[in-house]
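Single-structure report; data block below.
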Amino acid sequence: MGSIIRSCLQSLLKIANSVIGMVGIAMILYSLWMIRVWHKHMGGLSLGDSNSPPWFIYAFLGIGITLCVLTCSGHIAAETANGHCLCCYMVFVILLLLLEAAVTADIFLNNHWEEDFPEDPTGEFNEFKDFIKSNFDICKWIGLFIVCTQGLSILLSMVLRALGPDQGSYCDSDDDYAPARLPLLKNPVHPPPYVIGNPQYAPKNDVWNTNK
């Protein structure tokens, strides 16, 4: 029963990690598209030729790569169910949630939150901001879904770490080798070997023959 519950938890953790990984891949693709548009806008100049680097593109690309790496580590932790791997995974997800919470609190509590970010020469930041404002309800539910997925991954990691790794394989291997150890435990007594040969008779006494 415990192995079935552990397998279900591992599958759920992998599904939650897949959602996070899909978000990371989408962010990487969007950042690559922004780099392509920026190259066209700047006339084919490289990113290092601009005095004001496009921080928004770099931020999107870095977060996407971080989410993909986090997804890979989460799959490894879910597959092995190792306590150290699960603990490291939970720490990284918690740090990511704290960063998201800090950015969200700065946006909602600070009226001049745009001044905290550097100027974006590409204009993609303003377009992204306008897109979120025009589709605020959809973006809000998507953000809540991502945050809930991250929280679920932390909860599943905690339960899986409490259960520990699966010991079923070790039990099966012991059962396989049990008959080999059985004679050593019972210490059976083998019957003595029988020798088949011609019967031997004692020689006759010559004294009885001389008396006759």
Side-chain angles (χ1 to χ4, degrees), residues 9-39 46-48 50 52-110 113-132 135-136 138-161:
L9 292 175
Q10 289 175 335
S11 300
L12 291 175
L13 183 56
K14 290 179 181 179
I15 293 173
N17 273 297
S18 299
V19 174
I20 299 175
M22 291 174 63
V23 175
I25 292 173
M27 295 182 71
I28 291 174
L29 293 176
Y30 182 65
S31 61
L32 294 177
W33 177 80
M34 287 190 295
I35 291 175
R36 179 173 175 271
V37 172
W38 185 77
H39 270 289
S46 62
L47 295 179
S50 178
S52 301
W55 67 270
F56 181 66
I57 299 176
Y58 289 146
F60 243 76
L61 183 61
I63 295 174
I65 294 174
T66 302
L67 291 178
C68 290
V69 173
L70 186 63
T71 301
C72 294
S73 63
H75 273 77
I76 295 173
E79 183 66 27
T80 59
N82 185 272
H84 298 288
C85 295
L86 291 171
C87 186
C88 294
Y89 172 72
M90 286 188 292
V91 169
F92 286 128
V93 177
I94 290 172
L95 291 177
L96 182 61
L97 284 174
L98 292 176
L99 179 62
E100 294 173 354
V103 174
T104 304
D106 183 61
I107 292 174
F108 282 98
L109 299 179
N110 187 8
W113 61 272
E114 296 183 7
E115 297 178 357
D116 297 336
F117 297 94
E119 184 181 358
D120 181 21
T122 62
E124 295 294 336
F125 180 69
N126 294 327
E127 293 182 4
F128 183 74
K129 181 181 64 176
D130 295 337
F131 175 78
I132 292 179
N135 302 277
F136 182 74
I138 298 176
C139 295
K140 179 181 67 176
W141 288 111
I142 292 175
L144 289 175
F145 176 73
I146 295 172
V147 172
C148 291
T149 303
Q150 293 172 352
L152 179 63
S153 63
I154 294 175
L155 179 61
L156 293 173
S157 300
M158 292 176 63
V159 177
L160 192 60
R161 185 175 181 271

Roughly how far, to the nearest 0.5 Å, is the [atom2] atom of [Y] from the [atom1] atom of [X]?
| X | Y | atom1 | atom2 | answer |
| --- | --- | --- | --- | --- |
| Cys148 | Leu155 | SG | CG | 12.0 Å |
| Phe131 | Ile138 | CZ | CD1 | 7.5 Å |
| His75 | Ile20 | NE2 | CD1 | 10.0 Å |
| Ile65 | Ile25 | CD1 | CD1 | 12.0 Å |
| Leu32 | Met34 | CG | CE | 9.0 Å |

Worksheet item: In a check of side-chain contact (heavy atoms from CB on, under 4.5 Å) between Leu96 and each of Thr66, Leu67, Val91, which one passes?
Response: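 Of Thr66, Leu67, Val91, side-chain contact (heavy atoms from CB on, under 4.5 Å) with Leu96 is met by Leu67 alone.
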Fill in: side-chain contact (heavy atoms from CB on, under 4.5 Å) partner of Ser73, the single match among Thr71, Val69, Ile76, Leu70
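By the side-chain contact (heavy atoms from CB on, under 4.5 Å) criterion, Ser73 pairs with just one of Thr71, Val69, Ile76, Leu70: Leu70.
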Practice prompt. Check the pair Leu97 / Ile154 against side-chain contact (heavy atoms from CB on, under 4.5 Å), numbers first and verdict last.
Written response: CA-CA 10 Å; Leu97 284 174; Ile154 294 175; 3.5 Å; yes
Worksheet item: Which residue pairs pass the side chain to side chain donor-acceptor pair (under 3.5 Å) test when at least one of the two sits in residues 18-28, sequence neighbours left out?
Response: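 Matches after skipping sequence neighbours: none remain.
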Discussion item. Suppose we screen for salt bridge (charged side-chain N to carboxylate O under 4.0 Å, His left out). Which residues come up paired with Glu100, at least two apart in sequence or across chains?
Written reply: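 Here no residue qualifies.
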What's the shortest heavy-atom distance between [X] and [Y], and which atoms?
| X | Y | result |
| --- | --- | --- |
| Ser153 | Leu13 | O-CD1, 3.6 Å |
| Ala81 | Gln10 | CB-NE2, 3.6 Å |
| Leu61 | Ser31 | CD1-OG, 3.3 Å |
| Cys68 | Ile28 | SG-CD1, 3.8 Å |
| Met90 | Ser157 | CG-CB, 3.4 Å |
| Ile63 | Met27 | CG2-CE, 3.4 Å |

Discussion item. Pair Tyr89, Asn17 - check side-chain contact (heavy atoms from CB on, under 4.5 Å), show working.
Written reply: CA-CA 11 Å; Tyr89 172 72; Asn17 273 297; 2.7 Å; yes
Discussion item. Under the rule for ring pair (Phe, Tyr, Trp, His ring centres under 6.0 Å), what residues qualify as partners of Phe60, not counting sequence neighbours?
Written reply: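 So Phe60 forms a ring pair (Phe, Tyr, Trp, His ring centres under 6.0 Å) with Tyr30, Phe56, Phe128.
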Worksheet item: Just wondering, more than 12 heavy atoms not from Leu144 lying within 6.0 Å of its CG?
Response: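 Counting neighbours around CG of Leu144, more than 12 heavy atoms of other residues, nucleotides or ligands fall under 6.0 Å, so yes.
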Fill in: Side-chain heavy atoms of Ile142 within contact of Val23, under 4.5 Å
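Answer no - side chains too far apart.
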